[in-house]
Amino acid sequence: MYQVKEAFYTLQGEGAQAGRASVFCRFSGCNLWSGREVDRTTAKCTFCDTDFIGTNGINGGKFATAEALAQHIAALWPAPTGSEKPKATPYVVFTGGEPLLQLDAALIATLHSNGFEVAVETNGTLAPPPGIDWLCVSPKGNNPLAVTHGDELKLVYPQADAPPEQFSSLDFDHFFLQPMDLAPLNQDKTTVAETTAYCMANPQWRLSLQMHKLAGFD
């Protein structure tokens, strides 16, 4: 049984794939925080701003099989138009919470058979199943990483117990620093300036801003 908080068609809002048309599928649940405010101060991740509890979000629900969820996701991708040249490859981004609690090889294979590329945004503490096309790891604090190579490492900055230097030697193709969002719907200007300065001083790292919040889409 797959439990999905929400799923919708949008543009990727962050990182190397920012601006790319995507179906965004948020799984319920996380291994670093319960999602309840009462547990935040004792959680292994204390700065999450995401609601991943339950299945009551837009297009959320419970799906008994990989085929059922794959068809649900495919139905959210727009039908191609005659003017679309070349045809865009359908693209799904799994996130959470922690998507690797639920994403498995069967679902990935079923989505591939439906023509989708499969991306994952994970905290990196769980080993991924085979077949993922784009793997983005976003480390949280000092939680040990089970994933030390992939396509993209995107670090929320600053984290006192997760400095960028701790991750700079890992085997990723792209390294991004993303300012921690300290104010609802508005990147904190001081944090953005500090993150920008770090990237300029350490050009291995690129700046990632939350495009969806700046542009006003989900």
Side-chain angles (χ1 to χ4, degrees), residues 2 11-27 29-33 43-48 50 52 66 70 73 89-113 115-180 195 198-211:
Y2 303 97
L11 301 179
Q12 173 70 30
E14 306 170 352
Q17 300 284 359
R20 182 175 180 178
S22 313
V23 175
F24 200 76
C25 182
R26 185 184 306 282
F27 281 122
C30 184
N31 62 330
L32 300 184
W33 180 41
K44 295 179 179 180
C45 173
T46 59
F47 58 84
C48 181
T50 301
F52 51 79
I73 290 168
T89 300
Y91 186 69
V92 58
V93 180
F94 287 105
T95 186
E98 176 44 54
L100 296 186
L101 290 170
Q102 299 192 56
L103 183 65
D104 56 22
L107 180 55
I108 294 170
T110 305
L111 285 160
H112 282 162
S113 70
F116 272 80
E117 289 183 17
V118 177
V120 175
E121 296 186 1
T122 171
N123 61 37
T125 62
L126 302 173
I132 295 169
D133 299 299
W134 186 271
L135 182 60
C136 174
V137 172
S138 182
K140 301 297 190 294
N142 58 7
N143 295 289
L145 290 181
V147 186
T148 56
H149 62 90
D151 299 288
E152 177 181 355
L153 189 139
K154 183 174 63 184
L155 181 65
V156 174
Y157 182 86
Q159 297 182 58
D161 49 0
E165 298 82 4
Q166 182 175 322
F167 308 101
S168 58
S169 64
L170 297 182
D171 185 17
F172 288 85
D173 295 329
H174 305 275
F175 290 81
F176 284 90
L177 282 191
Q178 184 162 294
M180 187 176 292
T195 308
Y198 188 94
C199 291
M200 293 182 70
N202 300 272
Q204 174 186 6
W205 295 88
R206 296 164 59 187
L207 179 66
S208 172
L209 297 178
Q210 292 181 303
M211 178 189 295

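These figures come from a predicted structure and were not determined experimentally. Residue indices begin at 1 and follow the sequence shown.
We find the CG-CG distance between Leu153 and Leu170 to be 6.5 Å, quoted to the nearest 0.5 Å. Going from atom CH2 of Trp134 over to atom CG of Asp173 covers 6.5 Å, rounded to the nearest 0.5 Å. To the nearest 0.5 Å, the span separating CG on Leu101 from CZ on Phe27 amounts to 10.0 Å. Within the model, atoms NZ of Lys44 and SG of Cys30 stand 10.0 Å from one another, a figure rounded to the nearest 0.5 Å. Distance CD/Gln166 to CG/Leu145: 7.5 Å, rounded to 0.5 Å. Expressed to the nearest 0.5 Å, how far CD1 of Ile132 lies from CD1 of Ile108 amounts to 4.5 Å.
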Could you check Asn202 against Leu177 for side chain to side chain contact (heavy atoms under 4.5 Å, CB included), going step by step and ending with a plain yes or no?
CA-CA 11 Å; Asn202 300 272; Leu177 282 191; over 6 Å; no
Please assess Phe167 against Val137 for the test side chain to side chain contact (heavy atoms under 4.5 Å, CB included), listing each intermediate value before the final yes or no.
CA-CA 11 Å; Phe167 308 101; Val137 172; over 6 Å; no
Start with the C-alpha distance between Tyr91 and Thr89, add both sets of side-chain angles, then the distance that settles side chain to side chain contact (heavy atoms under 4.5 Å, CB included), and finish with yes or no.
CA-CA 6 Å; Tyr91 186 69; Thr89 300; 6.0 Å; no
One pair to check against side chain to side chain contact (heavy atoms under 4.5 Å, CB included): Thr50 and Arg26. What are the steps and the verdict?
CA-CA 10 Å; Thr50 301; Arg26 185 184 306 282; 3.0 Å; yes
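By the ring pair (Phe, Tyr, Trp, His ring centres under 6.0 Å) test, Phe52 pairs with Trp33, sequence neighbours left out. Applying the ring pair (Phe, Tyr, Trp, His ring centres under 6.0 Å) criterion to Phe172, with sequence neighbours excluded, gives no partner residue. Applying the ring pair (Phe, Tyr, Trp, His ring centres under 6.0 Å) criterion to Phe176, with sequence neighbours excluded, gives no partner residue. With sequence neighbours excluded, the residues that form a ring pair (Phe, Tyr, Trp, His ring centres under 6.0 Å) with Phe175 are Trp205.
Of the residues Lys154, Glu14, Arg206, the one that meets the side chain to side chain donor-acceptor pair (under 3.5 Å) test with Gln178 is Glu14.
Not one N or O on the side chain of Asp151 forms a donor-acceptor pair closer than 3.5 Å with the backbone of Cys136. The closest donor-acceptor contact from the side chain of Glu152 to the backbone of His174 lies at 3.5 Å or more, if one exists at all.
Screening residues 127-143 for salt bridge (Lys or Arg N to Asp or Glu O under 4.0 Å) gives no qualifying pairs among residues at least two apart or on separate chains.
Between Ala106 and Thr110 the shortest heavy-atom distance is O-OG1, 2.8 Å. Contact record, Pro164 with Tyr198: CB-OH, 3.4 Å, taken as the closest heavy-atom pair. For Pro129 against Ala105, the heavy-atom pair with the smallest separation is CB-N, 3.8 Å. Contact between Leu155 and Ala162 at its shortest, heavy atoms only, is CD2-O, 3.5 Å. Pro128 approaches Val147 most closely through the heavy-atom pair CD-CG2, 3.7 Å. Considering all non-hydrogen atoms of both residues, Ala43 and Thr46 come closest at O-CG2, 3.6 Å.
His149 NE2: 12 or fewer foreign heavy atoms inside a 6.0 Å radius.
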Enumerate donor-acceptor pairs with a distance under 3.5 Å from any side-chain N or O in residues 115-127 to protein atoms, sequence neighbours excluded.
unit_1, atom_1, unit_2, atom_2, d
Glu117, OE1, Arg20, NH1, 3.4
Glu117, OE1, Arg20, NH2, 3.2
Glu121, OE2, Gln12, NE2, 2.8
Thr122, OG1, Glu98, OE1, 3.2
Thr122, OG1, Glu98, OE2, 2.9
Thr122, OG1, Gly124, N, 3.0
Asn123, OD1, Thr125, N, 3.0
Asn123, OD1, Thr125, OG1, 2.7
Asn123, ND2, Asn31, OD1, 3.1
Asn123, ND2, Glu98, OE1, 3.1
Thr125, OG1, Asn31, ND2, 2.8

